Amino acid sequence: MKVIIIIPTYNEKGNIERLIEILQNDVFPNIKNHQMHILVVDDSSPDKTADVVEQLTKKYKNLHLLNNGNKLGLGAAYVRGMNTAIEKLGAEVMFEMDADLSHDPKKVPEFLQKIDEGYDMVIGTRYSQGGSIPSNWGIIRKIYSVFGNLLVKAILMRFWIHDWTGGFRALRKEVFLKEKKELTSFRGYTFQVSFLHKAVRDGFKVAEVPIHFTDRTLGRSKIAPKEYIAELLTYVVAARFWELVYSPFLKYAITGFTGYIINAVGLEYFYRQGFHPSIAGAIGAELSIIWNFVINNFWAFNQYKITNPLKILVKFPQFNLVSFGSLIIISAILAVGNYFFGPASRQIFLVIAIGFFVIPYSYSMYNIFIWKRWHISFLSGLQKMVG
Ligand code: GDD
Ligand code: MN
């Protein structure tokens with residue numbers, strides 16, 4: 001495959017030559033199964049980084065320069081570089097890599113190995129076994145980096161990716177082509193986080209490679225964490241909000257709420273007919289089962305809907321079995337409430353039973369057994385519960 005390593009530069013005159021030489025002489029010769037190229041994207045660096053690269057293009061035919069950009073930030077530089085890499089240079093796989101030697105060029109084959117295994121995007125990660133951040137980073141930058149990543153993970157509810165902000169990555173061109181329209185307005189860390197988030201959201205296969213991030217020895221960083229923190233937080237909170245709005249969970253919750261009304265009306269009706277509250281609640285629950293199955297099937301779990309009549313014949317009893325679990329939970333809790341507080345407590349205990357017990361239980365059962373939306377290991381299934 002044609003692989004293009006994209007290196008954005010802004011005042012990296014002292015670093016870029018060394019990085020290019022290492023890639024060309026120590027890294028590329030060991031990669032036999034891919035054609036390796038470099039594309040430097042320079043935003044009119046005042047230190048004339050572009051001139052240094054220009055000189056080197058005479059020596060290396062697989063080195064390309066995209067210069068005279070306006071300094072619009074890292075995201076814009078990558079979008080410009082990736083467009084050129086695909087359209088003009090025919091890239092199939094692209095790397096994101098810093099010019100300042102913070103990213104060890106010798107790791108490139110490991111990223112490619114993952115691409116060869118079929119992954120769409122490979123993330124260099126500093127926060128898992130075998131990775132690290134520089135010990136000489138100031139405490140403030142360490143805090144920003146560690147907590148920034150934790151916060152992103154927690155808000156996006158995706159704990160299996162350990163490094164969201166890092167800038168050493170490999171990706172297939174399809175990932176960029178799919179997401180590029182949505183990337184143009186993001187700068188700095190937000191670019192890295194949003195790109196990865198959109199790729200994960202759209203089901204691209206993501207792998208991680210542990211990396212040691214070394215602090216630059218020449219020049220200075222152009223990306224100040226505090227400049228981007230508000231933008232980054234806004235992005236992750238908004239992204240998560242919309243994900244929840246569109247997720248099956250919200251639809252499941254609405255279906256469940258209407259089911260609850262059916263349940264409550266049933267409880268009231270049959271209690272007034274002279275039934276014991278636990279029996280009356282159970283009859284109400286029974287009525288909402290059919291409602292829940294139909295609406296969840298055609299709305300919340302629409303993407304996984306069961307239409308084959310034979311399958312419905314199998315699934316509906318299964319659904320009833322799952323719901324029988326809910327029924328037992330509800331009548332047990334109503335019985336407890338009735339025992340301690342008398343029949344007047346019945347509606348409150350119905351709310352407790354549903355809110356704290358039935359929802360977590362039934363939502364997982366639907367996802368795991370009925371519509372089989374979660375088919376990964378139990379732990380990541382738990383992490384996906386809210387989405
Ligand atoms: N063309 C262009 N335009 N290049 C830029 C710009 C820009 O506006 N801003 C930065 N760069 C280049 C730098 O010259 C360097 O090659 C690379 O992008 C990374 O910039 P640094 O200034 O070295 O960033 P950093 O070390 O603070 O941040 C790195 O680590 C972060 C995670 O801690 C980058 O890899 C970030 O992407 C990453 O999020
Ligand atoms: Mn750097």
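All values derive from a computational prediction rather than experimental measurement. No hydrogens, no waters, no symmetry mates; every other heavy atom, side chains included, goes into these values. Each ligand, and each atom within it, is numbered from 1 in the order the structure gives.
At under 3.5 Å, not a single nitrogen or oxygen of Trp137, backbone or side chain, sits near a nitrogen or oxygen of ligand 1.
Numbered from 1 in the order shown, with element, the atoms of ligand 1 that lie under 4.0 Å from a heavy atom of His103 read 35 (O). Every atom of ligand 1 with a heavy atom of Arg126 under 4.0 Å away is listed here by number and element: 32 (C), 33 (O). Counting atoms of ligand 1 from 1 in the listed order, those under 4.0 Å from a heavy atom of Lys222 are 9 (N), 10 (C), 21 (P), 22 (O). If you number the atoms of ligand 1 from 1 as listed, the ones under 4.0 Å from a heavy atom of Tyr189 come out as 31 (C), 32 (C), 39 (O). Residue Thr165 has at least one heavy-atom neighbour below 4.0 Å for each of these atoms of ligand 1: 32 (C), 38 (C), 39 (O). Those atoms of ligand 1 with a heavy atom of Val41 less than 4.0 angstrom away are 1 (N). Each of the atoms 15 (C), 16 (O) of ligand 1 lies under 4.0 Å from some heavy atom of Ala99.
If you check the side chains of Gln24 and Asn62, you find a donor sitting under 3.5 Å from an acceptor. For the residue pair Thr165 and Asn149, a side-chain donor N or O sits within less than 3.5 Å of a side-chain acceptor on the partner. Looking only at atom types and distance, the side chain of Glu208 has no donor-acceptor partner in the side chain of Tyr119 under 3.5 Å away. Ser247 and Arg240 are not linked by any side-chain donor-acceptor pair at a separation below 3.5 angstrom, with hydrogens and angles left out of the test.
The closest heavy-atom contact to atom 19 (C) of ligand 1, among the options Asn15, Leu74, Asp98, comes from Asp98. Nearest residue to atom 26 (O) of ligand 1 from Gln192, Arg141, Arg216 is Arg141 (criterion: closest heavy atom).
In this structure, Lys107 is not positioned above the aromatic face of Phe168 in the sense of NZ or CZ being under 6.0 Å from the six-membered ring centre and within 45° of the axis.
In terms of protein heavy-atom proximity, atom 3 (N) of ligand 1 is nearest to Asp43 OD2, 2.7 Å. Residue, atom and distance of the protein heavy atom nearest to atom 27 (O) of ligand 1 are Ser221 OG, 2.6 Å. In terms of protein heavy atoms, atom 15 (C) of ligand 1 is closest to Glu12 OE2, 3.3 Å. Scanning all protein heavy atoms for the shortest distance to atom 12 (C) of ligand 1 gives Pro8 O, 3.4 Å. Scanning the protein for heavy atoms near atom 24 (O) of ligand 1, the closest one is Ile223 CD1, 3.4 Å.
Within the structure, the closest approach of Phe213 to ligand 1 falls below 4.0 Å when heavy atoms are considered. Ligand 1 has at least one atom lying under 4.0 Å from a heavy atom of Gly73.
The 12-atom threshold is exceeded at CZ of Arg216, counting heavy atoms of other residues, nucleotides or ligands nearer than 6.0 Å.
Taking both residues in full, the closest heavy atoms of Ile20 and Val40 are given as CD1-CG2, 4.3 Å, listed atom of the first, atom of the second, then distance.
Salt-bridge annotation for Glu179 and Lys198: absent, with no side-chain N of the basic residue lying under 4.0 Å from a carboxylate O of the acidic one.
If you take OG1 on Thr258 and CD1 on Ile254, they are separated by 8.5 Å, rounding to the nearest 0.5 Å. Taken from CG in Asp42 to CZ in Arg80, the straight-line distance is 8.0 Å, to the nearest 0.5 Å. Put simply, OH on Tyr269 and CG on Leu287 are 11.0 Å apart, with the number rounded to the nearest 0.5 Å.
When you scan the N, O or S atoms of Asp100 for the one nearest the Mn ion (ligand 2), you land on OD2.
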